[in-house]
Participant: 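My questions will all concern the structure given below.
Position 1 is the first residue of the sequence, and the numbers go up from there. All values reported here derive from a predicted model rather than from experimental measurement.
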Amino acid sequence: MKRLIRDELEEARRAIHGLVHRTPLLSSRSVSDACGLEIWLKAENLQKTGSFKPRGAFNKVLHLDVRERERGVVTASAGNHGQALAYVARHLRISAFIVMPEKANASKVAAVRSYGAEAILRGSVWDEAYAYSLELASEKGLTHVHPFKDPYIMAGQGTIALEILENVSDLAAVIVPIGGGGLIGGIASAMKLYRPEVQVIGVEAEGAANMYRSHREGRAVELDEVSTIADGLATKHTDPDVFTLLETVVDDYVTVSDDELREAIRFLLERAKLLTEPSGAAGAAAALTGKLHLPRGTKTAIVLGGGNFDVKGKMTISI
């Protein structure tokens with residue numbers, strides 16, 4: 001994949017204006033003191049549908065032609081992209097089919113259905129759900145909307161970077177969670193266009209660290225298995241094209257454990273009054289555990305990717 005260009009990002013910003021929230025960028029003395037950095041939290045957990053995903057979904061579907069929309073759309077998702085596409089489809093009055101792993105977060109499945117889309121449970125991980133979504137697209141003649149390997153999706157997510165840069169002067173670093181790579185691909189591409197000196201650091205779960213491993217081995221790798229509470233980061237396969245792009249725009253990668261994710265969720269809720277899901281808290285977890293290795297006081301933006309925490313699920317957070 002090629003880096004995004006300025007026109008693609010600006011067009012995405014115009015396309016989704018008024019359709020998604022311009023989410024707040026919040027300072028937090030508690031988080032900053034705990035990290036030893038000047039922290040700014042980009043609260044995409046407060047975005048429509050509870051995550052950053054509608055940015056890319058709206059930008060993609062709005063660029064489909066009439067026939068592509070009329071056929072209906074299909075995708076594979078651990079939850080947040082599926083919710084976003086279902087929301088967009090309802091807004092534009094088109095049909096949507098969302099294929100999700102069989103152990104998908106129950107609240108995310110319910111949300112997809114509440115938007116009027118059909119939620120189909122297939123496979124144990126996202127990669128298996130994705131394979132079935134391609135079959136479904138072929139069988140039903142649906143338009144497939146890839147959750148991350150798409151320039152329109154990435155450009156939509158890249159609008160987050162534009163908003164951050166408009167609100168924080170002399171930013172030095174931005175911390176972004178990584179699932180498939182669409183979010184960090186969009187944000188990092190924008191940062192390297194507008195402010196190339198800003199360091200971009202990606203964060204993965206230890207039990208699904210495919211991009212971290214790929215970066216260190218110099219090739220796109222596939223994990224034998226994934227195991228993490230962060231369903232939005234649970235990807236086995238590293239897309240070679242996305243990996244190649246990220247190698248040109250991402251400065252470093254770190255990983256966090258499930259326990260560190262739990263602690264970050266607890267800290268953000270208790271001290272910043274922000275509820276995030278595990279994947280959304282990855283950047284905060286890396287900062288709170290000192291894994292970013294940035295100079296003290298560095299002005300740092302952390303993207304809180306989502307807030308769709310399943311309060312009825314089995315994961316407990318000790319407050």
Side-chain angles (χ1 to χ4, degrees), residues 20-53 55 80 157 159-178 183-184 187-188 190-191 195 197-205 229-230 232-233 251-252 254-309 311 315 317-319:
V20 301
H21 296 314
R22 183 187 177 98
T23 54
L25 188 67
L26 306 170
S27 62
S28 171
R29 181 178 295 276
S30 295
V31 179
S32 295
D33 288 348
C35 299
L37 306 169
E38 183 182 332
I39 296 293
W40 293 83
L41 302 171
K42 183 57 171 169
E44 285 295 297
N45 56 316
L46 303 180
Q47 185 56 263
K48 289 180 184 292
T49 78
S51 84
F52 67 90
K53 292 287 191 176
R55 294 175 181 268
N80 286 344
Q157 324 305 27
T159 60
I160 294 171
L162 305 186
E163 292 177 13
I164 292 172
L165 291 176
E166 288 170 354
N167 283 274
V168 180
S169 61
D170 49 284
L171 182 73
V174 60
I175 317 304
V176 189
I178 304 177
L183 176 62
I184 195 169
I187 289 176
M191 285 293 176
R195 293 280 300 280
E197 73 278 10
V198 173
Q199 189 172 0
V200 181
I201 302 174
V203 186
E204 288 187 302
I229 60 172
L233 309 183
D251 296 289
D252 200 5
V254 299
T255 65
V256 291
S257 70
D258 282 359
D259 282 345
E260 288 165 344
L261 288 170
R262 291 187 181 96
E263 174 58 20
I265 294 169
R266 184 202 64 78
F267 192 94
L268 289 170
L269 181 59
E270 185 178 53
R271 305 300 295 276
K273 314 309 176 191
L274 293 168
L275 178 62
T276 60
E277 62 190 278
S279 58
L288 289 166
T289 52
K291 293 184 176 182
L292 300 179
H293 303 297
L294 296 171
R296 187 168 185 82
T298 298
K299 189 171 288 189
T300 304
I302 296 177
V303 179
L304 304 180
N308 292 312
F309 186 91
V311 295
M315 191 180 75
I317 305 296
S318 176
I319 302 296

Participant: For Val200, is there any backbone N or O sitting under 3.5 Å from a side-chain donor or acceptor partner on Asp251?
Facilitator: yes
Participant: Step by step, would you call Glu204 with Leu233 a side chain to side chain contact (heavy atoms under 4.5 Å, CB included)?
Facilitator: CA-CA 7 Å; Glu204 288 187 302; Leu233 309 183; 5.7 Å; no
Participant: Look up atom CG in Leu268 and atom OG in Ser28, then write down how far apart they are to the nearest 0.5 Å.
Facilitator: 8.0 Å
Participant: For Lys48 and His21, indicate whether the former's side chain and the latter's backbone hold a donor-acceptor pair under 3.5 Å.
Facilitator: no
Participant: Might you point out which heavy atoms bring Ala281 and Ala264 nearest each other, and give the distance in Å?
Facilitator: O-CB, 3.9 Å
Participant: Can you tell me how far apart CD1 (Ile201) and CD1 (Ile178) are? Round to the nearest 0.5 Å.
Facilitator: 10.5 Å
Participant: Got a second to check how far Ile39's CD1 is from Thr300's OG1, nearest 0.5 Å?
Facilitator: 5.0 Å
Participant: Of all the heavy-atom pairs spanning Leu261 and Ala230, show the shortest one and how long it is.
Facilitator: CD1-CB, 4.0 Å
Participant: Passes side chain to side chain contact (heavy atoms under 4.5 Å, CB included), Ile160 versus Phe52? Steps please.
Facilitator: CA-CA 8 Å; Ile160 294 171; Phe52 67 90; 3.7 Å; yes
Participant: Run the side chain to side chain contact (heavy atoms under 4.5 Å, CB included) check on Leu171 and Met191 step by step: do they pass?
Facilitator: CA-CA 10 Å; Leu171 182 73; Met191 285 293 176; 3.8 Å; yes
Participant: Let me see the working for Leu304 and Thr23 under side chain to side chain contact (heavy atoms under 4.5 Å, CB included), right down to the final yes or no.
Facilitator: CA-CA 11 Å; Leu304 304 180; Thr23 54; over 6 Å; no
Participant: Does Arg22 have more than 12 heavy atoms from other residues, nucleotides or ligands lying within 6.0 Å of its CZ?
Facilitator: yes
Participant: Leu46 and Pro24: which non-hydrogen atoms are nearest, and at how many Å?
Facilitator: CD1-CG, 3.9 Å
Participant: Given Asn80, which partner from the list Lys53, Glu44, Gln47, Glu277 fulfils the side chain to side chain donor-acceptor pair (under 3.5 Å) test?
Facilitator: Glu277
Participant: Roughly how far apart are Ser27 OG and Glu38 CD, rounded to 0.5 Å?
Facilitator: 8.0 Å
Participant: Considering non-hydrogen atoms only, spot the tightest contact between Ala285 and Glu260 and give its length.
Facilitator: CB-O, 3.6 Å
Participant: Looking at every heavy atom in both Asn45 and Gly306, which two are closest together, and how far apart are they?
Facilitator: CB-C, 3.5 Å
Participant: Give the minimum heavy-atom separation between Ala301 and Ile164, together with the two atoms involved.
Facilitator: CB-CG2, 3.9 Å
Participant: Can you tell me how far the CG atom of Leu25 sits from the CG atom of Leu41, to the nearest 0.5 Å?
Facilitator: 7.5 Å
Participant: Contact between Pro278 and Asp258 at the side-chain level, heavy atoms closer than 4.5 Å - yes or no?
Facilitator: no
Participant: If the test is side-chain contact (heavy atoms from CB on, under 4.5 Å), which one of Ile302, Ile184, Val256 qualifies with Val203?
Facilitator: Val256
